[in-house]
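What follows is a single structure, written as structure tokens, with notes after it.
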Amino acid sequence: MPLPFSAPPWRRHRLSCSGCDASVGAGTAEVMARTPASLSGQDEGSFAYLTIKDRIPQILTRAIDTLHRHKSEFFEKHGEKGTEAEKKAISLLSKLRNELQTDKPIIPFVEKFVDTDIWNQYLEYQQSLLNENDGKPRWFYSPWLFVECYMYRRIHEAIIQSPPIDDFDVFKESKDQNFFESQESVIALCTHLQEVVRAIEDLDENQLREEFFRLLQISLWGNKCDLSLSSGETRSQKTNVINSLEELKPLILVNDMERLWLLLNNCKKTREKASITRVVIVLDNSGFELVTDLVLADFLLSSQLATEIHFYGKTIPWFVSDTTIRDFNWLIEQMKMSNHKWMSKCGADWEAYVKTGRWVYRDHIFWTLPHEFCVMSQVAPDLYAELQKAHLILFKGDLNYRKLTGDRKWEFTVPFHQALNGFHPAPLCSIRTLKAELQVGLKPGQAEQYVASEPNWLTTGKYGIFQFDGPL
Ligand code: F6P
Ligand code: MG
């Protein structure tokens, strides 16, 4: 087990991706040595195992099908070259599906991209963790977080290896569909937001706090709409979630909303004129969830709980429904063009926030690497330094939680602070519905209530958390 004593390859070399550095001191290795094992497909019957065995192949099949259905579009746009490219991408994805289903070794990336070297160094690192007899890292044997991220990066490689369709997003269609199918809820939410904004000057502190909590919870339940859990099948929001919040409250297993309020309200009260309060939102899914996040972000500005919001999205299509810059801009444009008065008002306001710099959208290649966040300060020091400037960071969704906690087999009662394993750039909060067999920071006996009665309580998205780490 070389990790505790020598720096693995991906930590030794400077990386080609700008801002990323893989050199890490021995201290981190010691900390890693104290952490529990990773979730993995080795555990037959586990959610990780079932994801690799069933869900990931289904996602690949849908991606292949999507390419196939766009055949004539590619031909119309690019002629024969388009048809050839479609065939090539399909054959690369079919090969990938076969490698996975037959548990073949994980192979290095070949196509040059900004993160190719760092990915290949990470593969070497995974190799270095194995004994001589273990052979190469494999799908069902290696850490789940690693192989699942690898799968999405391989989808991207298949596409960039297939010009001229090399900017095609195989998940775009389902992301857009999720937005359209959630129209009613989007309208209800925009109408509600506009009512709040119109009355905001008249709200007392208690009313503001209640509204903050309401919009936080809407953003939490918006996270149910991720499309990778359903293997890309539609999971839109059809009912008005605002009316269900009271009913859903008992399903929040860790509720640190009050701490978020105290922090931001304190910033507002103690802020000097012209100084800033920056909230960072590390986005998750596009479609309905993104609307809930933007509504929350709008409220934070309108209520002056924050003065600027920085959003982080994904550089490449990721985990089916994650937000890219294209999804972000597309959604704002759709809102603006809507026939519904309040929906289009939201779209126009949001566009203005972006134009005036009160909302800043950013991406960074680190978010689509397989690394847990505790190594961010070494692997992507520029990103870590940026996050340190935040007054509060909101991490949306399940995958961010897995990376925050290293996707490891923690005891349910281990404190969140400990599971973060040294990742403390600024006060932070995970807002996530549970979709992986992983949860920390529960009270003694709390998990046991569900273990007996609901065997899948950790993975259906039924339960949620607001889990905060920062000064009291
Ligand atoms: O595919 C597995 C998984 O990581 C699950 O843990 C989760 O269902 C999903 O992908 C991602 O969820 P989210 O969009 O909330 O990050
Ligand atoms: Mg997601």
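Order of listing sets the numbers, starting from 1, for every ligand and every atom in it. Side chains included, hydrogens not; waters and symmetry mates left out as well; all remaining heavy atoms used.
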With heavy-atom distances below 4.0 Å as the criterion, list the atoms of ligand 1 near [X].
| X | result |
| --- | --- |
| Asp398 | 5 (C), 6 (O), 7 (C), 12 (O), 13 (P), 15 (O), 16 (O) |
| Leu399 | 13 (P), 16 (O) |
| Asn285 | 14 (O) |
| Asn223 | 15 (O) |
| Ala436 | 6 (O) |
| Arg55 | 1 (O), 2 (C) |
| Trp144 | 2 (C), 6 (O) |

Residue pairs, two or more places apart or on separate chains, that pass salt bridge (charged side-chain N to carboxylate O under 4.0 Å, His left out) and touch residues 391-401:
Glu289-Lys396, Asp293-Lys396, Asp398-Arg432
Worked verdict on Tyr384 versus Gln378 for side-chain hydrogen bond (donor to acceptor under 3.5 Å, both in side chains)
CA-CA 9 Å; Tyr384 193 83; Gln378 288 85 21; over 6 Å; no
Nearest non-hydrogen contact with atom 13 (P) of ligand 1 belongs to which option: Ile52, Ile59, Asp284?
Asp284
Of Lys396, Lys435, Lys403, which has the heavy atom at the shortest distance from atom 8 (O) of ligand 1?
Lys435
For the side chain of Gln217 and the backbone of Phe213, is there at least one donor-acceptor N/O pair under 3.5 Å apart?
yes
Any donor and acceptor pair, going by atom type alone, linking the side chain of Glu111 with main-chain N or O of Gln161 inside 3.5 Å?
no
Under 3.5 Å between some N or O of ligand 1 and some N or O of Arg402?
yes
Can an N or O of Thr51 be found at a distance shorter than 3.5 Å from an N or O of ligand 1?
no
salt_bridge(Lys409, Glu437) N-O dist < 4.0 Å:
no
May I ask you to say whether Lys175 pairs ionically with Asp322, meaning some side-chain N is under 4.0 Å from a carboxylate O?
no
Confirm or rule out an N/O/S atom of Asp322, from backbone or side chain, lying less than 2.8 Å from the Mg ion (ligand 2).
yes
The Mg ion (ligand 2) to nearest N/O/S of Asn285 less than 2.8 Å:
yes
Compute the minimum heavy-atom distance from Phe395 to ligand 1 and say whether it is under 4.0 Å.
no
Please verify whether a non-hydrogen atom of Glu289 lies at under 4.0 Å from ligand 1.
no
Test side-chain hydrogen bond (donor to acceptor under 3.5 Å, both in side chains) applied to Gln183 and His340, step by step:
CA-CA 10 Å; Gln183 279 310 280; His340 191 277; over 6 Å; no
What residues form a ring pair (Phe, Tyr, Trp, His ring centres under 6.0 Å) with Phe466, not counting sequence neighbours?
none
Nearest N/O/S atom of Asp284 with respect to the Mg ion (ligand 2), by atom name, please.
OD1
Side-chain heavy-atom pair Leu123, Phe146 within 4.5 angstrom cut-off:
yes
Does the side-chain hydrogen bond (donor to acceptor under 3.5 Å, both in side chains) test come out yes or no for Glu386 and Tyr312, once each step is laid out?
CA-CA 11 Å; Glu386 256 324 294; Tyr312 279 97; 4.7 Å; no
